[in-house]
Amino acid sequence: MDPRREARLARWAPCSKGCVAARVLALACAVSAPAIVEAAPPEAAPAPAPAPELVPPVLENEVQPYAYPEQLLERDEPPGGEVLVEYVVGADGVPKEINVLDGLDPVLDAIAVEVVAALRFSPATYEGEAVEVVLSIAIPFTPPEPEAGEGEGETGEGEGEVETVETGEGEVGTGEGEGETEEAERPLRISGRVREAGSGVPVVGATILAVPAGDYPEGKVRHKLYGDEPEPAWMVKALSDDDGGFDLRGVPDGLVRLILLAPNFERLEWVVKLDADQRLETKYFLTRTSANPYRTEVATERDHMPEAVVRTITVEQINQIPGTQGDALKSIQNFPGVARASFGAGQLAIRGAAPGDSGVYLGYHEIPTLFHFGGLTSVFNSDILAQIDFIPGNFDSRYGDALGGIINVQPRKGRRDGFHGYVDTDLFDTGVLAEGPIGKGSFILSGRRSYVDLILPLVIPDEVGFGLTLAPRYWDYQALFDYPVGGGELSVRVFGSDDRSKLLFTEQNDISEDDRNALETIQWFHRVDLVYRKVDGPWEFLVTPSYKREFFGGSIFGNFDFEASTDTLSARAEISRRLAKNLRLRVGGEFINEWWRGRADIVPFGDNAVGTNSGDATVRETTYTRIVPSLYTTLTWRVAERLLLFPGLRLDWYAAPQNRAAVDPRLRFIANLTDKTAIKGGVGLYSQGPGEVENDLYFGNPRIGLSRSFHTSLSLVQQIPWDVSVELTGFYKRLWNLTSASTRIMLWPGEDSPRPESFASTGTGDIYGGEILLKKELGDRFYGWVSYTLMRSVRVPAPGEPQELFDFDQTHILTLIASYDFPFNWRVGARLRVVSGNPYTPVVNGVFDATSAAYIPIQGPVNSARQPTFHQLDLRVDKTWVYKRIKVTSYLDIQNVYNAENTEFLSYSYDFRVTQPVLSLPTAPSIGLKLEW
C-alpha cells in the first residue's frame with residue numbers, strides 16, 4: 001500500500017426534489033466504491049476497481065427518510081444545498097468522529113450528523129484485518145417549493161415529520177412539531193458529553209446505556225458483577241454525536257447505572273441518582289486502551305502510484321522505538337539498508353551510497369539539514385509529521401538528483417477538534433507545541449531550545465584544560481497553517497533551525513581567549529513553503545513554491561576561517577488525470593535555482609606548533625549559481641487485475657554551471673499473486689550533479705560531469721497471521737562517472753600556470769545485497785521488527801586502479817526492536833544492534849622526516865582493514881498518567897545499557913607504532929517528561 005495515499009471528498013450533484021431518501025442511501029452505499037468516492041453524478045463512468053488488498057466497508061442497514069425542518073421554512077429564504085460531513089467507519093462498522101466540514105445551518109448540520117450516525121456497515125478490511133476508514137459524503141437539503149400544499153410537498157412526506165434513528169429499547173429523536181415521535185415526547189432526564197481523557201476530544205459514536213443500578217452504590221463502579229446480574233427491568237440507549245453529546249429520555253427515578261462503551265476505549269460505568277422531576281447534566285472521560293491506543297486509517301490515493309519498495313513509519317511507531325528519544329528521522333536508521341553512523345551522528349548512508357547521494361524531502365522540497373549537532377535530534381518536530389516514507393532505491397520519477405535513496409517526510413494538518421498542546425522536556429532540550437482550528441482551517445506552532453550550553457560549563461572542571469565559551473546550542477521552530485481555498489486547500493509552512501558552538505582549549509597561564517586555540521561552528525537555515533492542492537473531478541492539481549536561506553561557517557584554530565551562504569528558490573507543479581478506467585497519468589515539473597557564496601581565509605603554517613602562522617592569510621572568495629529545471633511523468637497502468645505497471649521518465653537539465661542534460665527512464669511494477677502475497681520490483685536510471693565545492697573554479701573542477709547509476713530491485717512481500725509481514729528484497733546498483741579526487745596537474749583555459757585538477761568524473765562502483773524485514777504492526781500490546789542487511793559496496797576511483805571497499809560499506813546490519821504495553825500504561829522497549837565495523841585504511845609504519853622533524857605515515861591498501869564488530873543494547877521505559885483534561889508521560893531512554901566499548905577510530909602515537917582506540921559513546925541515559933492537553 002502506498003503510504004502517501006489520501007482520501008478525497010465525495011461530491012455529488014444537487015438533488016432534485018422527491019429523491020432525498022434515495023440519495024442518502026446512495027451516499028452511504030457510495031463508500032463501497034474503490035479507493036475514492038469520485039465526484040460524479042449517477043450517470044458518470046464507474047470508478048476503477050479497488051486495490052486488491054483493501055476491501056471497502058459495505059452498508060448494511062436502511063436509512064429512514066427525513067424531511068426538510070419546518071422551523072426553517074418560516075424564513076424568507078430557507079437554506080438549501082449540501083452539508084459536507086467527514087466520518088470514520090470504525091472497525092465495528094459504526095460511524096464515529098463525525099465532523100461537519102462545510103455546513104449550511106446548525107439545524108441542517110445536526111440532521112446530517114444524525115443521518116451519518118445512523119448508518120451501519122460491515123467494516124473495511126485490509127489484508128484480512130478489520131480497519132478504520134475515513135470517508136466524506138455530502139447530504140443534500142432542498143426546501144419545498146412555496147406553492148406546494150400543506151403536507152403535499154414534493155418530498156412526499158407529512159408536515160413536521162422528522163428523521164428517527166432506532167437505537168434499541170429507546171429512540172433518539174430530533175426536531176419538534178406535531179409529528180414528534182414517542183421518544184421525543186418522553187422527558188429528558190440525563191444529558192451529557194463524552195470526551196477522551198487527556199485530550200478532551202469528543203468521543204463520537206459511543207454507546208451510552210442506562211439500566212437499574214441494583215446493588216451498586218452511587219459513584220464510579222470499580223468492581224463489576226459480570227455474569228451474576230439478572231436481566232435489567234428496563235434499558236435506555238443513546239449514541240454520542242459529533243460533539244460527544246448524548247440525551248437519555250424516559251429514565252425512571254432512583255439509582256441509575258450508566259454504562260459507556262466505545263471501540264478502543266476502556267469501559268466506564270457510573271451510578272447516578274435521579275430524584276423526582278430532576279434532570280442531570282454530566283460529563284464523562286473515557287481512557288484509550290493501552291493495547292490499541294491508536295487509530296489505523298486506511299486511505300487510498302486516487303493516482304495510486306506506490307513505490308516498488310517503500311517502508312513507512314508513523315509517529316505512533318516512532319514513539320515505540322528505543323534509542324531514538326522519539327525522534328522521527330533517527331528512527332529511519334533502524335530500517336534495512338541503512339548503515340550505522342559513527343558516534344550516532346545524523347548521516348544516512350542508504351544501500352551503500354554516500355550520505356550526500358540520497359535526498360530528504362519535507363513537503364515536496366529537499367530539506368537542507370537533517371539533524372542538530374552530531375545527530376542529537378532532527379530539526380523538525382516529529383509530532384508535526386504525518387508519516388515518513390523510506391524508499392531505499394528505484395524511486396519514482398518525481399524525485400531526482402540522487403543516486404542512493406529517498407526519504408519523504410509529510411507534515412500533518414493541525415487538529416480541528418479544539419485547542420491542544422504540550423510541553424516536552426528532557427536532559428538536552430525543551431519543546432512546546434500548540435495547535436487548533438482557525439475558522440475552517442487549522443494551525444500548528446512549535447518550538448524547541450537546548451540547554452546543553454547552560455549545563456556543560458557547570459559540570460566540566462577547570463583543570464580539564466578546555467572551556468566552553470559557547471557550548472553546543474540549538475533551537476528550531478515550525479509554523480504551519482492550512483485553510484480551504486477555492487475548492488482546494490492552501491498550506492503555509494515556515495520553519496527553521498539554528499546551531500552554534502565554540503570550544504576553547506586553554507592553559508593555566510592564559511589570561512584571555514585566543515581564537516588560535518578555538519574551534520567554532522555556526523549553522524542555520526530558514527524556509528518558507530506554499531502548497532496548494534485541489535481535486536476537481538478526474539483532475540488533481542499541485543502547485544508549491546519554496547524559498548530557503550542557509551548559512552554555514554566556522555573557524556579551526558585561527559588557521560582556517562570559512563563561511564558559505566546559500567539562497568535557494570525551488571518550485572514544483574503537478575497535474576494528474578485518469579485517462580481511462582485502468583490508466584492514470586501524472587505530469588510534473590520542478591525548478592531549482594541556488595545562489596552560493598563562499599569565503600575562506602587560510603593562514604599558512606610556520607615552523608611552530610599548531611595555532612601559529614608565519615605568513616599572511618590567503619583569502620579565497622567564490623560564487624556559484626546552480627539552475628536545474630526538470631520535467632517528469634509517471635503512468636499508472638493496471639494491465640490485469642493483479643498487475644500494475646508504473647513506467648516513468650525524468651528529464652533534468654543542469655543548465656548552470658554544467659550545461660548538461662540527463663534522461664532517466666524508469667519502470668516499476670507490483671504483482672499481487674494472492675491477497676496476501678505480492679512481488680514488487682523496478683529498474684531505472686538515476687543522475688546526480690556535483691556539489692558546490694566539487695564544481696568550484698578554485699577548489700574543484702568546473703568541467704566535472706554528472707554521476708550516474710542503474711538501479712534494479714526485486715521484493716517479495718508476504719502477510720502472515722498475527723498482523724505480521726515478511727519482506728525479502730534483493731538489489732543491485734551499477735555506478736559510473738562518479739566524482740573522484742584527482743592529483744593530475746593541468747593547465748586550465750585562460751590561466752598562465754598549471755594547477756591540480758582536484759576532482760574528475762572517473763569513478764565506478766558496484767553495490768549489491770539482500771534485505772529482510774520481519775515486522776509486527778501496531779494493534780495489540782506487542783510491537784517490533786527484525787531487520788537484517790547483507791551488503792557489499794565497492795569503488796574503483798579511476799581506470800587501472802584496484803577495487804576498494806567504500807567508506808560506508810557495512811557487510812552485516814542486524815537490528816532487533818521489541819516494545820510491549822503493560823497494564824496501567826507502562827511500556828517497555830528494547831533495541832539491539834549488531835553491525836560490521838567500518839572499513840579504514842591502516843598505517844603500517846612511520847618514517848622520520850628530518851626536514852619537518854616529524855614522522856610521515858606509510859599507509860596500507862585503501863580500506864583494507866575493518867574496525868571490530870559494533871554491538872549495542874538500548875532500553876526505553878514509558879509511564880503515562882491520564883487525567884480528565886491532561887496526559888502526563890515520563891520516560892527513561894538508556895543508550896548502550898551494558899556500556900559496550902565499540903571502536904569508532906584509531907588514534908596513532910607520534911611515530912605511528914602504537915594505536916589507541918577511540919570509543920563510541922558510553923552508557924547515556926536520558927530522562928524526559930511530556931505534559932499534553
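Only a predicted model underlies this, so the values are computations on that prediction, with no experimental measurement involved.
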If I compare all heavy atoms of [X] with all of [Y], which pair ends up nearest, and what's the gap?
X: L906; Y: P917; result: CD2-CA, 4.0 Å
X: R708; Y: S687; result: NE-OG, 2.7 Å
X: S793; Y: I767; result: OG-CG1, 3.6 Å
X: S926; Y: L427; result: CA-CD1, 3.8 Å
X: S787; Y: F335; result: OG-C, 4.3 Å
X: I813; Y: V338; result: CD1-O, 3.7 Å

Rounded to the nearest 0.5 Å, what separates atom [atom1] in [X] from atom [atom2] in [Y]?
X: N408; Y: I406; atom1: CG; atom2: CD1; answer: 8.5 Å
X: F525; Y: T566; atom1: CZ; atom2: OG1; answer: 12.5 Å
X: R831; Y: L816; atom1: CZ; atom2: CG; answer: 11.5 Å
X: L873; Y: Q895; atom1: CG; atom2: CD; answer: 11.0 Å
X: T739; Y: Q688; atom1: OG1; atom2: CD; answer: 8.5 Å
X: D601; Y: E621; atom1: CG; atom2: CD; answer: 8.0 Å

Listed partners of S742 passing side chain to side chain donor-acceptor pair (under 3.5 Å), at least two apart:
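Residues passing side chain to side chain donor-acceptor pair (under 3.5 Å) with S742: E757.
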Who passes side chain to side chain donor-acceptor pair (under 3.5 Å) against D652, sequence neighbours left out?
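For D652, the residues satisfying side chain to side chain donor-acceptor pair (under 3.5 Å) (neighbours in sequence not counted) are S630, R650.
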Do [X] and [Y] come within less than 4.5 Å of each other through their side chains, counting heavy atoms only?
X: F552; Y: F562; value: yes
X: F390; Y: I350; value: yes
X: N394; Y: R666; value: no

Does the plane of the ring in Y855 sit parallel, tilted or perpendicular to the ring in F848? Use 30° and 60° as the thresholds.
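Taking F848 first and then Y855, their aromatic rings stand perpendicular (interplane angle over 60°).
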Salt-bridge present ([X], [Y]; N to O < 4.0 Å):
X: D357; Y: K733; result: no
X: R597; Y: D567; result: yes
X: R340; Y: E904; result: yes
X: E366; Y: K548; result: no

Would you kindly say whether N896 and T923 are connected by a side-chain donor-acceptor distance under 3.5 Å?
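Per modelled atom types, N896 and T923 side chains form no pair under 3.5 Å.
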Applying the side-chain contact (heavy atoms from CB on, under 4.5 Å) criterion to L790, which one of L814, I772, T811 satisfies it?
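In the set L814, I772, T811, the residue that makes a side-chain contact (heavy atoms from CB on, under 4.5 Å) with L790 is T811.
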Restricting to pairs with a member in residues 802-817, which pass salt bridge (Lys or Arg N to Asp or Glu O under 4.0 Å), not counting sequence neighbours?
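Of all non-adjacent pairs touching residues 802-817, those that pass salt bridge (Lys or Arg N to Asp or Glu O under 4.0 Å) are R792-D809, D809-R866.
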Find out whether the Lys NZ or Arg CZ of R795 is both under 6.0 angstrom from the six-membered ring centre of F806 and within 45° of the ring's axis.
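That pair qualifies as a cation-pi contact.
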Out of the candidates Y732, Y686, Y768, Y399, only one should pair with H711 under the ring pair (Phe, Tyr, Trp, His ring centres under 6.0 Å) rule; please name it.
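That would be Y686.
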Chi angles and distances behind the side chain to side chain contact (heavy atoms under 4.5 Å, CB included) call for I592, R626
CA-CA 8 Å; I592 299 175; R626 181 171 180 257; 4.1 Å; yes
